[in-house]
Novice: 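Have a look at this one.
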Amino acid sequence: MKAIIKKLALILMCMTLCVAMTGCSLPFGRTASVEQEKKPEAVSAETSVSETVSTEVSETKPEEPEVPDEPEGPNGAPDDDYTCYIELLTQYFYSLSAHLDTYTDYADDGYYWLADFRYDVEYANKSPLALVGFSAHDYSGDGKLDLIIAEYPIDAEWDKNTSIKAIYTRNADDEYVLTLEGWSRNRHYMLDDGLFYNEGSSGATENCFGTYRLSRDGSEVVWKDFYFSTYNGVTGEVEFYHNSTGIWDVSAAEKMDIKSENEFWDLQKTYQDRIVDIDLIPLYKLQGAVGNMAGALLVPMDASLYPYDAAALKSYDVCTDDNPVDVVLEAYDDVYDVTLCDIEWGEDRGGEQDFTLTPSVKIGDLGYGESVLVRASFPGDMSALYYKFKDSFGTEHCYYAYMSGYDGSIALGEFY
């Protein structure tokens, strides 16, 4: 009898546990939310089920309106591979690395804007490679990457957004094709819906603006709306026209019912208010991609040749004698883990001498254009300034600076 009672008690206990577990389970057909799945188990085995279930009814919050996705056009994917344009980008890199006086010599297609750009460089007082960037993305929708060359804004009042200087695509033979180019009187931008926007002027009464997209293969412009004003020499009035071909010709356009220039400018402003920035990679980032043809990534120079106040730079002292020489290390790209080193020479194996570098002073990371001052020694034709760092790709580089026996200038040698 006692055995039967024990069995009944055991059965009742199991049934009670099943009911409790069923009360905590989710309704049939539903799964736990992501938030529920990520929550850690905060209830111990000793805590009762009744303690874990809240009887309070939370206040229902109104659903927040969905934020529309940003159009694909303005910014594109961050992982787009621009290496298919590396030769063209290298040309831009070296063209903009040249002296400003040479900018007016570039009359080739795609470079016409440099004649005006030189004044932007002087105004901004920055490196041209930091004022211009690029975006490689399929803006036309044909499955191939298009390339945008654009300028960062330099004036908060008059130049608020990235302005497009050139758009390229590639044809069936994988050749670069210039789709369009822009300059100070022929400006191109991106709108918030992925369309391109153009505005320009050839005189006080001759102005235009409009929107377009790229053709399916990216090689041409397909206009959506084009507005322009022009002076009527017969009536002596400024007239306003519209078409969808982008042709600046009154015979190929419809006259607009606009009574004043203010209405024309107000219409233009509705487009200007929708201009968005394009995510660009600055051209100086190509320093590592195109190699060291333009020089090392961290370049030494005599402090007396530094164009700014070298004494204001953060300084480090590795001088080992009574004849210190001040050297500025200037970063020509973002560099990481910059470290000054001591060297210990090993066995000379027929001109290939072994050496061991020992870190002595850690400088850290330097961004493009940043500089530090190092006080070093140059005994005879030897150097006491050795340094290493990593580039943006994680590759380590090691250099040494030495004093030229020809003119006493600071020169650069590369270990690896």
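The basis for the numbers below is simple: all heavy atoms, side chains too, and nothing from hydrogens, waters or symmetry mates. Just so we're clear, the structure is a prediction, and the values are computed from it rather than from any experiment.
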Novice: Is there a donor-acceptor pair under 3.5 Å between the side chain of Asp120 and the backbone N or O of Ala124?
Specialist: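 No, the answer is negative, given that no donor and acceptor are paired below the 3.5 Å cut-off.
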Novice: Is the Phe226 to Phe228 ring centre distance short of 6.0 Å?
Specialist: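 Yes, close enough.
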Novice: For the atom pair CD1 (Ile149) and CG (Leu283), what is the distance rounded to the nearest 0.5 Å?
Specialist: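 Result: 6.0 Å between the selected atoms.
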Novice: For the backbone of Tyr139 and the side chain of His137, can you confirm whether one donor and one acceptor N or O come within less than 3.5 Å of each other?
Specialist: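 Between the backbone of Tyr139 and the side chain of His137 there is no qualifying donor-acceptor contact (under 3.5 Å).
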Novice: Measure the spacing between OG of Ser251 and CG of Asp249 and express it to the nearest 0.5 Å.
Specialist: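 Result: 3.0 Å between the selected atoms.
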Novice: Can you give me the closest heavy-atom contact between Arg213 and Phe196, atom names plus distance?
Specialist: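 What the structure gives for the nearest pair is CA-CD1, 4.3 Å.
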Novice: Please examine the side chains of Leu385 and Tyr399, heavy atoms only from C-beta on, and report whether any two atoms are closer than 4.5 Å.
Specialist: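 Contact flag for Tyr399/Leu385 side chains = no.
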Novice: Verify the distance criterion only: is there a donor paired with an acceptor across the side chains of Asn207 and Ser201 at less than 3.5 Å?
Specialist: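 Yes, a side-chain donor-acceptor pair sits under 3.5 Å.
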Novice: Given side chains that start at C-beta, do those of Tyr400 and Glu414 come closer than 4.5 Å, heavy atoms only?
Specialist: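 A side-chain contact is absent here, since even the closest heavy-atom pair is not under 4.5 Å.
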Novice: Is a donor from one side chain sitting under 3.5 angstrom from an acceptor on the other, for Glu239 and Asn232?
Specialist: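 Note: Glu239 and Asn232 side chains meet the donor-acceptor criterion.
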Novice: So is Arg118 actually on top of Tyr123's ring, under 6.0 Å and inside 45° of the axis?
Specialist: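 The answer is no, since Arg118 fails at least one limit relative to Tyr123.
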Novice: Okay, side chain of Thr395, backbone of Asp391: is any donor-acceptor separation there less than 3.5 Å?
Specialist: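 No, the answer is negative, given that no donor and acceptor are paired below the 3.5 Å cut-off.
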Novice: Taking only Lys NZ, Arg NE, NH1 and NH2, and the carboxylate oxygens of Asp or Glu, determine whether Lys165 and Glu181 approach each other closer than 4.0 Å.
Specialist: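 A salt bridge is absent here (no side-chain N lies under 4.0 Å from a carboxylate O).
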Novice: Find out whether Glu330 and Val372 are in side-chain contact, i.e. whether some heavy atom of one side chain is under 4.5 Å from a heavy atom of the other.
Specialist: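 Not touching, per the 4.5 Å side-chain cut-off.
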Novice: Please find the pair of heavy atoms, one from Tyr227 and one from Asp225, that lie closest to each other, and give the distance.
Specialist: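 Smallest interatomic distance, heavy atoms only, reads CE1-CB, 3.7 Å.
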Novice: So Tyr168 and Val177, do their side chains get closer than 4.5 Å, heavy atoms only?
Specialist: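 Result no, sub-4.5 Å side-chain heavy-atom pair not found.
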Novice: Which heavy atom of Gly367 sits nearest a heavy atom of Ala331, and at what distance?
Specialist: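 Heavy-atom minimum between the residues: O-CB, 3.4 Å.
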Novice: A side-chain contact here means heavy atoms from C-beta on lying under 4.5 Å apart; do Pro153 and Thr162 qualify?
Specialist: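 Yes, at least one pair of side-chain atoms sits under 4.5 Å.
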Novice: Would you find a donor on one side and an acceptor on the other, under 3.5 Å apart, between the side chain of Thr90 and the backbone of Ile86?
Specialist: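 Side chain of Thr90 to backbone of Ile86: a pair is present.
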Novice: Counting C-beta onward and ignoring hydrogens, is there a side-chain heavy-atom pair between Ser135 and Ile278 closer than 4.5 Å?
Specialist: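 When only atoms from C-beta onward are counted, Ile278 and Ser135 do touch, with a gap below 4.5 Å.
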Novice: Using the rule given for side-chain contact (heavy atoms from CB on, under 4.5 Å), can you reason through Leu373 versus Val327, listing the C-alpha separation, both sets of side-chain angles and the distance that settles it, and then say yes or no?
Specialist: CA-CA 6 Å; Leu373 181 66; Val327 177; over 6 Å; no
Novice: If you measure only the distance, is there a donor-acceptor pair under 3.5 Å linking the side chains of Thr356 and Glu344?
Specialist: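 Note: Thr356 and Glu344 side chains miss the donor-acceptor criterion.
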Novice: Which atom pair, heavy atoms only, marks the closest approach of Tyr306 to Met301?
Specialist: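 It is CA-SD, 3.8 Å.
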Novice: When you compare the side chain of Lys314 with that of Tyr316, does any pair of heavy atoms fall below 4.5 Å?
Specialist: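 The answer is yes; the side chains approach within 4.5 Å.
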Novice: Nearest heavy-atom pair of Trp223 and Thr245: which atoms, and what distance?
Specialist: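 Closest heavy-atom pair between Trp223 and Thr245: CD1-O, 3.3 Å.
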Novice: Rounded to the nearest 0.5 Å, what's the gap from CG on Leu147 to CG on Leu89? Could you check?
Specialist: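 It is 5.0 Å, given to the nearest 0.5 Å.
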Novice: Start with the C-alpha distance between Val132 and Phe117, add both sets of side-chain angles, then the distance that settles side-chain contact (heavy atoms from CB on, under 4.5 Å), and finish with yes or no.
Specialist: CA-CA 10 Å; Val132 177; Phe117 175 66; 3.4 Å; yes
Novice: Does the separation of the ring centres of Phe389 and Tyr336 fall below 6.0 angstrom?
Specialist: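 Ring centres of Tyr336 and Phe389 not closer than 6.0 Å.
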Novice: Measure the CG-CD1 distance between Leu180 and Ile164 for me, rounded to the nearest 0.5 Å.
Specialist: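 Going from the CG atom of Leu180 to the CD1 atom of Ile164 covers 7.0 Å.
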Novice: Under a 3.5 Å distance rule, please check whether Ser244 uses its side chain to pair with a backbone N or O of Lys224 as donor and acceptor.
Specialist: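 Checking the backbone N and O of Lys224 against the side chain of Ser244, no donor-acceptor pair under 3.5 Å is found.
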Novice: Minimum heavy-atom separation for Leu191 to Tyr271, with atom names?
Specialist: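 In this case the closest contact between Leu191 and Tyr271 is CD2-O, 3.5 Å.
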Novice: For the backbone of Ser219 and the side chain of Thr169, can you confirm whether one donor and one acceptor N or O come within less than 3.5 Å of each other?
Specialist: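 No; zero donor-acceptor contacts below 3.5 Å.
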Novice: Assess the pair Tyr368 and Tyr284: is the distance between their ring centroids shorter than 6.0 Å?
Specialist: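 That pair passes the under 6.0 Å test.
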Novice: Using modelled atom types only, decide if a donor and an acceptor are shared between the side chain of Thr104 and the backbone of Thr102 within a distance under 3.5 Å.
Specialist: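 The answer is no, because no donor-acceptor pair under 3.5 Å joins these two groups.
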Novice: Out of curiosity, Leu214 CG to Asp146 CG, how far, rounded to the nearest 0.5 Å?
Specialist: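 Answer for the CG-CG pair, Leu214 versus Asp146, is 6.0 Å.
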Novice: Within the distance-only criterion (no hydrogens, no angle test), does the side chain of Asp302 pair as donor or acceptor with the backbone N or O of Ile410 below 3.5 angstrom?
Specialist: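 Checked: no pair found.
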Novice: Any chance the rings of Phe378 and Tyr402 have centres within less than 6.0 Å?
Specialist: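 No, they do not, as the ring centres are separated by 6.0 Å or more.
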Novice: Quick test of your reading of the model: are Arg216 and Asp142 salt-bridged, counting only N-O distances below 4.0 Å?
Specialist: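 Looking at Asp142 together with Arg216, the answer is no, because their closest N to O distance does not fall below 4.0 Å.
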Novice: Parallel, tilted or perpendicular, judged at 30° and 60°: which one describes the rings of Tyr92 and Trp113?
Specialist: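 Parallel.
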Novice: Decide side-chain contact (heavy atoms from CB on, under 4.5 Å) for Leu100 and Glu122; before the verdict, give the C-alpha distance in whole Å, the side-chain angles of both, and the deciding distance to 0.1 Å.
Specialist: CA-CA 9 Å; Leu100 292 183; Glu122 293 173 345; 3.8 Å; yes
Novice: If we ignore hydrogens and angles and just use 3.5 Å, is the side chain of Asn243 paired with the main-chain N or O of Ala252 as donor and acceptor?
Specialist: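 Present.
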Novice: Strictly below 4.0 Å, N to O, side chains only: are Asp217 and Lys144 in salt-bridge contact?
Specialist: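 Not counted as a salt bridge, because no side-chain N and carboxylate O are separated by less than 4.0 Å.
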Novice: Assess whether a salt bridge exists between Lys390 and Glu396, defined as any Lys/Arg side-chain N lying under 4.0 Å from an Asp/Glu carboxylate O.
Specialist: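 Glu396 and Lys390: not salt-bridged.
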Novice: Could you tell me whether the side chain of Ser360 and the main chain of Leu340 form a donor-acceptor pair under 3.5 Å?
Specialist: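 Answer holds: yes.
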Novice: Got Leu280 and Phe134 here, is their nearest side-chain heavy-atom distance under 4.5 Å?
Specialist: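 Of all side-chain heavy-atom pairs linking Phe134 with Leu280, none is under 4.5 Å.
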Novice: Test Phe209 against Asn198 for side-chain contact (heavy atoms from CB on, under 4.5 Å), laying out the working first.
Specialist: CA-CA 5 Å; Phe209 62 89; Asn198 168 246; over 6 Å; no
Novice: Can Glu87 and Tyr85 be counted as having a side-chain donor-acceptor contact under 3.5 angstrom?
Specialist: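 Absent: no donor and acceptor within the cut-off.
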Novice: Please determine, by modelled atom types, if His188 and Tyr212 share a side-chain donor-acceptor pair under 3.5 angstrom.
Specialist: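 There is such a pair (donor and acceptor under 3.5 Å, judged by atom type) between the side chains of His188 and Tyr212.
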Novice: In Å and rounded to the nearest 0.5 Å, what is the CD1 to CG distance from Ile363 to Leu329?
Specialist: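 It is 6.0 Å, given to the nearest 0.5 Å.
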